[in-house]
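Encoded as structure tokens, the structure appears first; notes follow it.
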There are 2 protein chains.
Amino acid sequence: MSKQNPIAQKAIALHKKLKGKISVVSKVAVKTPKDLSLFYTPGVGAVASYLAAHKNEVRDFTIKRNTVAVVSDGSAVLGLGNIGPEGAMPVMEGKCQLFKAFANVDAFPIVLNTQNTEEIVETVKHIAPIFGGINLEDISAPRCFEIEERLIKELDIPVMHDDQHGTAVVVLAAMINSLKVVKKSIAKSKIVIVGAGAAGIATAKLLLLEGAGDVILVDSEAIVCRQRSYTNRFKSEMAKATNVCGLSGSMEEAIKGADILMGLSKADLFKPEHIKSMNKQAIVFAMANPIPEIMPAEAKKAGAAIVATGRSDFPNQINNVLGFPGIFRGALDSNVKKITPKMKLAAAKNLAALVKKPTANHIMPSPFDKRVVKAVARAIKE
Amino acid sequence: MSKQNPIAQKAIALHKKLKGKISVVSKVAVKTPKDLSLFYTPGVGAVASYLAAHKNEVRDFTIKRNTVAVVSDGSAVLGLGNIGPEGAMPVMEGKCQLFKAFANVDAFPIVLNTQNTEEIVETVKHIAPIFGGINLEDISAPRCFEIEERLIKELDIPVMHDDQHGTAVVVLAAMINSLKVVKKSIAKSKIVIVGAGAAGIATAKLLLLEGAGDVILVDSEAIVCRQRSYTNRFKSEMAKATNVCGLSGSMEEAIKGADILMGLSKADLFKPEHIKSMNKQAIVFAMANPIPEIMPAEAKKAGAAIVATGRSDFPNQINNVLGFPGIFRGALDSNVKKITPKMKLAAAKNLAALVKKPTANHIMPSPFDKRVVKAVARAIKE
């Protein structure tokens, strides 16, 4: 924690001063009896009756068209683990700020005081009518898979667990450009993903869909392989879908000879020896936040050709803020009911294409590049 | 409907143009990597950890301190009945606009697609953490009583069904000033409330608490009395608590000789004969919206000394907007856990006291009178 202390202190002071980072405002002034009669009674009664009779027109008359719920149960907040709803609140408020700042989406934080799968699914279904989309956030695996799967199936608005798919999209974009720099192909690269939680599994799936020939997942115990048995079906499925060479054993075994090493796990997990054991022109994404699996300088020294992290203070930031604002902007604008794998692939490619000539220190566009949201949103169309 | 057609058309056009009347905004600009690092990762992680360890401080760091959920299931929207969540949406958005305009409260509409009591209670409990208060709205009786009762008991933030208590507060205020004008006492007046739904029952209770000597409720069938049997316990309780003279029979029987006639029912229910059958110096509150139980001119012609309605285009508007903004403003500012009957009585009295010298055409302050919110908020303290 010492590495982030100055920022930590400043952030705590700033949050205490603001007492809430977002606000709900009226788009128009309500100052006269006439305003009241049009926006509220009796005028609104006519709009209410009209919408009751024309349910398919709610997007044209209400906030549904531009509003997303950011839903969390506080079970996997950032890298902090299960810290509950109170801890999740400032994070979800921050996410809503980013939705507004980057994509002009009205996002509202819904922080749940249940971590029961059934109750979460039911609650989100019950509050869905006013929302045009649901961004699930910081919900721990494997519950996040079932919750998302069921909500996608049962709701008629797009539902996306950002820790899974937002991450997968930006990681794929970063990989596409990294492979260009080192002149390797996705089909022939050995790709090791360390961390088999929400982000790791979703990323593995998206890479496979893009044609990755050899993806190996590693969880906190060992390589994910068919020889082991898993308590959740999502990991069992991944054991079948990945690891074509049938590797088993420790993380070290997986990393040997790898072309790409992706950390979606925890601070300081990768050592220089690991990087040294990789193939030539090694690509290392150390995305644990705020402290990466290995510091960029250390990885470079050990021979990595390209290093990326989740942090803004190093080159090559792989940050979800490059993904989710544009994904939901596109979904809301095009009235998309489901965000499909095809859309996610297109989003990653559009994002990657914004960097015309990728180099070792410049594989990703800046989150503040105005083209980002538009490029990603363009990919999200039915 | 013909009476409101010009407003109706204008309101529909305006809602279609706005496509949502409220917006969620960031209180501060998010424009640089430094902003990102303080409001989101890594800075927000420190705030998240801090709040997980200091749960009782969330009000000092998050939007909870100033945020209210406006929750409806669309089962009793305005006077339109059970029109469902789509119809409820523009009304709840409007309510959120009023919260902001009149009391600077950040209110967000939660429109439910369930009308099951158990599911509503569970859903509101699950989403409660981010909110500093719950305003229940347009939920039909008798479910509204149980839902409110249980949420008040099970949550540690104030919960108020505005159709009940907001109405009761402003009606009591109007009555206090009306009785001053006609020089009658609440203890000796015969008060008839037509409409034994959410508003009627809550108003009757608050009047009794203020010392009303003779309150008679009338439902859509007849006078509420002990001789009848009721399917819901809330009406049975009222049959015991009201109607000291043991009247039974039709609405006409109740109104004969009444000092005060309150309509919380439906358009055009009161006829001139009813008003003529009342005691001298009759007070008539015809609060059905948008079309009152009797038009003011007609009631006056039939002998009423004071007439009030829910409408802004007649004198003496009895409007909930005089109540709920200040009630929640006070509750949020004083961190009140429950809104007690004592607070509601104080709110009504503070509201009435704003009109120094009430007259037959001026019993209520204007909703746009800046003193209103402060006076009501002052009453809500533990």
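Within every chain, numbering begins at 1; the chains are lettered A, B, ... in the order of the sequence lines, protein sequences first and strands thereafter. Since this is a predicted model, take the numbers as computed values, not measurements.
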[X] versus chain A, the contacting section by heavy-atom distance below 4.5 Å:
{"X": "Val58(B)", "value": "side chain"}
{"X": "Pro90(B)", "value": "both"}
{"X": "Phe368(B)", "value": "side chain"}
{"X": "Thr41(B)", "value": "side chain"}
{"X": "Ile120(B)", "value": "neither"}
{"X": "Ser366(B)", "value": "neither"}
{"X": "Asn113(B)", "value": "both"}
{"X": "Leu14(B)", "value": "side chain"}
{"X": "Glu119(B)", "value": "both"}
{"X": "Ala101(B)", "value": "side chain"}
{"X": "Leu78(B)", "value": "side chain"}
{"X": "Phe99(B)", "value": "neither"}
{"X": "Lys10(B)", "value": "both"}

Donor-acceptor under 3.5 Å ([X] side chain, [Y] main chain):
{"X": "Asp60(A)", "Y": "Lys16(B)", "result": "no"}
{"X": "Lys21(A)", "Y": "Phe39(B)", "result": "yes"}
{"X": "Asp106(A)", "Y": "Val24(B)", "result": "yes"}
{"X": "Lys27(B)", "Y": "Leu18(A)", "result": "yes"}
{"X": "Glu93(B)", "Y": "Ile63(A)", "result": "yes"}

Most contacts with chain A, counted as non-hydrogen pairs under 4.5 angstrom, among Gly79(B), Ala107(B), Cys96(B), Ala88(B)
Ala107(B)

Name the option with the most non-hydrogen atom pairs under 4.5 Å to chain A; the candidates are His15(B), His126(B), Lys100(B).
His126(B)

I would like to know whether Ile22(A) and Val25(B) meet side chain to side chain contact (heavy atoms under 4.5 Å, CB included); could you show each step before the answer?
CA-CA 6 Å; Ile22(A) 57 171; Val25(B) 300; over 6 Å; no

Would Met92(B) and Val44(A) satisfy side chain to side chain contact (heavy atoms under 4.5 Å, CB included), going step by step from the backbone distance to the final call?
CA-CA 10 Å; Met92(B) 301 313 134; Val44(A) 77; over 6 Å; no

Of the listed residues (Leu51(A), Leu98(A), Thr62(A), Asp313(A)), which shares the most heavy-atom pairs with chain B below a 4.5 Å separation?
Thr62(A)

Looking at [X] and [Y], what are the two nearest heavy atoms and their distance?
{"X": "Ile12(B)", "Y": "Phe61(A)", "value": "O-CE2, 3.6 Å"}
{"X": "Val77(A)", "Y": "Ala48(B)", "value": "CG1-CB, 4.5 Å"}
{"X": "Gly43(B)", "Y": "Ala11(A)", "value": "O-CB, 3.4 Å"}

Residue from Val28(A), Leu36(A), Asp35(A) passing side-chain contact (heavy atoms from CB on, under 4.5 Å) with Gln97(B):
Val28(A)

Are Phe131(B) and Phe108(A) close enough that their ring centers fall under 6.0 Å?
yes

Yes or no on side chain to side chain donor-acceptor pair (under 3.5 Å) for Lys34(A) and Ser312(B), after CA distance, side-chain angles and deciding distance?
CA-CA 9 Å; Lys34(A) 196 187 158 201; Ser312(B) 58; over 6 Å; no

Working to the nearest 0.5 Å, report the span between CD1 of Ile110(A) and CD1 of Ile130(B).
8.0 Å

